[in-house]
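Heads up, the thing below is written out as structure tokens.
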Amino acid sequence: MEGVDHLAHERNKSEFDVDAMKIVWAGSPHAFVVSDRISKLVASDPGFRKDNRSTLSRKELFKNTLRKAAYAWKTIIDLHLSEEEAAKLRFYVDEPAFTDVHWGMFIPAIKGQGTEEQQQKWLPLAYKMQIIGCYAQTELGHGSNVQGLETTATFDPQTDEFIIHSPTLTSSKWWPGGLGKVATHAIAYALLIVGGREQGVHGFIVQLRSLEDHSPLPGMTVGDIGMKFGNGAYNAMDNGVLRFDHVRIPRNQMLMRVSQVTCEGKYKQSDVPRQLVYGAMLYVRQTIVADASCALSRAVCIATRYSAVRRQFGSQNGGPETQVIDYKTQQSRLFPLLASAYAFRFVGEWLKWLYADVTQRLQANDFSTLPEAHACTAGLKSLTTTATADGIEECRKLCGGHGYLCSSGLPELFAVYVPACTYEGENTVLLLQVARFLMKTVSQLGSSKKPVGTIAYMTRVEHLMQCRCGVQRGFAELSADLVEAAVAHCQLLVVSKFIEKLQQEIPGKGVKQQLEVLCNIYALFLLHKHQGDFLSTGCITPKHAALANDELRSLYSQVRPNAIALVDAFNYTDHYLGSILGCYDGNVYPKLYEAAWKDPLNESVVPDGYHQYIRPLLKQEIRTARL
Ligand SMILES: CCCCCCCC/C=C\CCCCCC(=O)SCCNC(=O)CCNC(=O)[C@H](O)C(C)(C)COP(=O)(O)OP(=O)(O)OC[C@H]1O[C@@H](n2cnc3c(N)ncnc32)[C@H](O)[C@@H]1OP(=O)(O)O
Ligand SMILES: Cc1cc2nc3c(=O)[nH]c(=O)nc-3n(C[C@H](O)[C@H](O)[C@H](O)COP(=O)(O)OP(=O)(O)OC[C@H]3O[C@@H](n4cnc5c(N)ncnc54)[C@H](O)[C@@H]3O)c2cc1C
């Protein structure tokens, strides 16, 4: 029945203060208040409805996304929302759209690679959305290999301009979000050519469309690249294709914080690492780790609540069947994902601090922690997105057949999430960057440069020193193994940041104890999953492995009575979850049944096509082909 909490008996089992855990998950009391208020504002406004998305055509979906983006912007202005509240509103609207790239990439790129003057000119326009930006780096022929990009930016000293050109088909910009139909401007990455000399890839602000009638400017061929994976919400994003035909832009539209071109045509590399050109990617990768904890927690919330509702087998003397959450197999699949959601939340908090710290240091021209920041953002982005994509699929499977319904929310969550393993750095390519960082650390062992920070533990691997010779040859040959070492390094990071979180003051009855259980589940699940490596390297004995397994089972039993409360702590509205299986009151079956009849296919009892195709079949009116 409506209004009845079918999960009340589960919530009554909780052994900790859920409201206190909500604050831990949100990050602070202030963050909780903002998040709670904005999520309820979005959930209560019919202008942000999203339950009809799966019935829309791509053009209807896209137009509806534009409407929502405009409505969200009007809401932000009308309610005088702060930047923090506006970001939360965009998050809870939960629709991939051009605004994600405008706010998440275009603006950070100008802030990180633009001069003060360029920031003063372009940021006010972007903040007021008087221009809409995209991040046009990837091309048809190159995405991972940024230095392989073919778009050219040739300086013309006669006119003090750059000529932006797409010399080959493979140099066509391809994939940038927002580019296809909406963006008026791009940060376009191109191979800089000055005085006939190539100077590597740099960023340029290029206007793409008229601010009067939105028509593409002369020399621009631009459009959408077409439908993407599934018919999920990511098709609301106009990932685009763009070709430049000798487009001229003023010299002051090259982002010149990292390097400059003078009006005389002199190329000047300032004394900052050229990698600052990649700065926007560092920023986005750290936000993607926080996104992973959100996406995984959504899937785990749905699967946990449904696992407590679903009963299958196990009836004793006509009594109720067993809740599937009580099966040890269900627990061994679900609870490590619950622990991972919390683990990624805390490592994401730390990574946000690391990024802020390195940004502050860069402003003082201190580049000492940039390599570590790159390795951490690259590695954790790779690790958390792979685990989250796999985790969302596992949560679908944990929900049996109903997990495959769009009304479960899981197919769309999966379809929208999985490109995170590819965009902002393909996950294996990024792990190779971590491996390169680790091997560089090994090569420096024994020197005066001692490993510090997240690699301090490597002082204990002096014995690796003998493999210093032939590092380059070894690297390529052993890259698959080195990628595994990179994953292990990142897993150590996640576990150590969870442990550091537990060393902080954490208020609330039973809250720290619950987090300790989840931390131990995360760590022991990894040990169990990779016990072959731990055993073969002598790090543990078979007895240790057996003890870990026993302890895991015990830990699952400790989580079981608190599982519903632990996912309630995410404080997600039913609107944001978008899932009948994960609805707060657990009243699943009536909602599933009711939702079925809303499908357009049920608008008529006799389906379109019956009289044309089925009736002739049934009435043998179709001449059977001679066999
Ligand atoms: C439901 C959930 C929410 C859903 C939300 C939906 C909406 C989402 C909307 C938007 C999000 C999607 C946005 C996606 C945007 C994009 O994809 S933008 C394009 C991203 N592209 C990439 O990431 C390209 C990856 N490739 C690279 O980064 C580089 O090519 C490379 C690092 C792989 C290689 O760089 P290269 O210049 O060739 O140099 P190397 O020789 O490898 O390295 C040279 C040294 O530079 C160091 N380094 C490399 N990168 C960085 C960096 N970023 N920062 C600092 N340092 C860096 C590297 O370690 C080397 O140092 P050493 O010489 O000391 O070893
Ligand atoms: C949904 C989505 C949104 C996107 N949005 C944007 C955007 O807004 N702006 C933008 O500029 N780009 C965007 N991209 C593009 C994205 O950044 C690239 O697709 C991504 O960087 C991967 O590059 P690639 O496609 O060239 O993959 P590739 O590098 O071609 O990967 C193919 C395979 O090659 C392997 N590989 C590549 N190099 C190596 C190597 N050195 N060693 C070993 N293996 C290797 C990879 O591991 C992978 O298995 C988006 C992509 C998607 C899917």
Side-chain angles (χ1 to χ4, degrees), residues 1-15 296-341 390-411 413-414 514 517-518 521-522 524-525 528-529 546 548-568 570 572 574 577-597:
M1 288 85 72
E2 275 310 310
V4 172
D5 180 0
H6 295 256
L7 289 170
H9 65 290
E10 288 291 339
R11 292 180 169 114
N12 293 336
K13 295 176 187 171
S14 166
E15 298 161 340
L296 183 55
S297 59
R298 280 174 69 174
V300 166
C301 184
I302 294 167
T304 302
R305 287 177 176 167
Y306 182 64
S307 296
V309 167
R310 185 69 169 177
R311 291 174 178 274
Q312 207 70 194
F313 299 111
S315 166
Q316 305 294 328
N317 309 321
E321 292 180 74
T322 301
Q323 290 170 276
V324 297
I325 198 171
D326 285 328
Y327 290 120
K328 284 300 178 190
T329 48
Q330 192 85 352
Q331 293 178 11
S332 68
R333 293 158 63 195
L334 178 59
F335 293 164
L337 295 177
L338 174 60
S340 299
D390 295 347
I392 295 169
E393 168 58 1
E394 188 61 25
C395 286
R396 181 191 66 78
K397 290 187 283 190
L398 282 160
C399 294
H402 304 338
Y404 194 62
L405 282 168
C406 282
S407 61
S408 76
L410 290 164
L413 179 57
F414 182 77
Q514 286 306 314
V517 169
L518 293 175
I521 285 176
Y522 186 80
L524 289 177
F525 176 74
H528 172 74
K529 184 180 172 185
N549 259 359
D550 295 344
E551 179 60 13
L552 260 182
R553 276 196 300 276
S554 163
L555 290 165
Y556 294 156
S557 303
Q558 293 175 53
V559 167
R560 170 62 189 89
N562 299 287
I564 292 301
L566 284 166
V567 299
D568 284 351
F570 302 144
Y572 291 145
D574 283 352
L577 274 184
S579 168
I580 288 175
L581 304 189
C583 58
Y584 182 84
D585 66 7
N587 192 24
V588 170
Y589 295 131
K591 289 186 170 109
L592 274 184
Y593 188 79
E594 184 191 333
W597 301 108

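Atoms considered below: every heavy atom in the structure, side chains included; atoms not considered: hydrogens, waters and symmetry mates.
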Carboxylate-amine/guanidinium proximity below 4.0 Å for K591 and D574
no
With sequence neighbours excluded, residues passing salt bridge (Lys or Arg N to Asp or Glu O under 4.0 Å) with [X]:
| X | answer |
| --- | --- |
| R310 | none |
| E393 | R396 |
| K529 | none |

Output, in order, the C-alpha distance, side-chain angles, deciding distance and verdict of side chain to side chain contact (heavy atoms under 4.5 Å, CB included) for E15 and Q558.
CA-CA 10 Å; E15 298 161 340; Q558 293 175 53; over 6 Å; no
Mind listing the closest non-hydrogen atom pair of [X] and [Y] along with its distance?
| X | Y | value |
| --- | --- | --- |
| Y327 | G314 | OH-N, 4.3 Å |
| G586 | V309 | O-CG2, 3.6 Å |
| L296 | L337 | CD2-O, 3.8 Å |
| A339 | I521 | CB-CG2, 3.8 Å |
| R311 | E321 | NH1-O, 2.6 Å |
| L524 | A548 | CD2-CB, 4.0 Å |

Given 3.5 Å as the limit, does a donor-acceptor pair link the side chain of [X] with the main chain of [Y], or not?
| X | Y | value |
| --- | --- | --- |
| Q312 | Q323 | no |
| S332 | T329 | yes |
| N317 | G319 | no |

Within 6.0 Å of OH in Y404, more than 12 heavy atoms from elsewhere
no
Calculate, to the nearest 0.5 Å, the distance between atoms [atom1] and [atom2] belonging to [X] and [Y] respectively.
| X | Y | atom1 | atom2 | result |
| --- | --- | --- | --- | --- |
| S408 | F414 | OG | CZ | 12.5 Å |
| T322 | Q316 | OG1 | CD | 7.0 Å |
| I302 | S307 | CD1 | OG | 11.5 Å |
| C301 | D568 | SG | CG | 7.0 Å |
| L577 | L413 | CG | CG | 9.5 Å |
| E594 | S407 | CD | OG | 11.0 Å |

Could you tell me whether the side chain of [Y] reaches within less than 4.5 Å of the side chain of [X], counting heavy atoms only?
| X | Y | result |
| --- | --- | --- |
| L518 | L566 | yes |
| V300 | C395 | yes |
| L338 | V567 | yes |
| Y556 | P336 | yes |

S557/K328 under side chain to side chain contact (heavy atoms under 4.5 Å, CB included): CA gap, chis, key distance, verdict
CA-CA 9 Å; S557 303; K328 284 300 178 190; 2.8 Å; yes
Does R11 make a cation-pi contact with Y584 (under 6.0 Å, within 45 degrees of the axis)?
yes
Take R305 and L581 through the side chain to side chain contact (heavy atoms under 4.5 Å, CB included) test and state the conclusion after the steps.
CA-CA 7 Å; R305 287 177 176 167; L581 304 189; over 6 Å; no
Which residue is it: L555, V517, I325, L552? I am looking for the one with a side-chain contact (heavy atoms from CB on, under 4.5 Å) to F335.
I325
Between H528 and F525, what is the ring plane arrangement, given parallel below 30°, perpendicular above 60°, and tilted in between?
tilted
Side chain to side chain contact (heavy atoms under 4.5 Å, CB included) between I564 and T304: does it pass, once the steps are laid out?
CA-CA 7 Å; I564 292 301; T304 302; 4.0 Å; yes
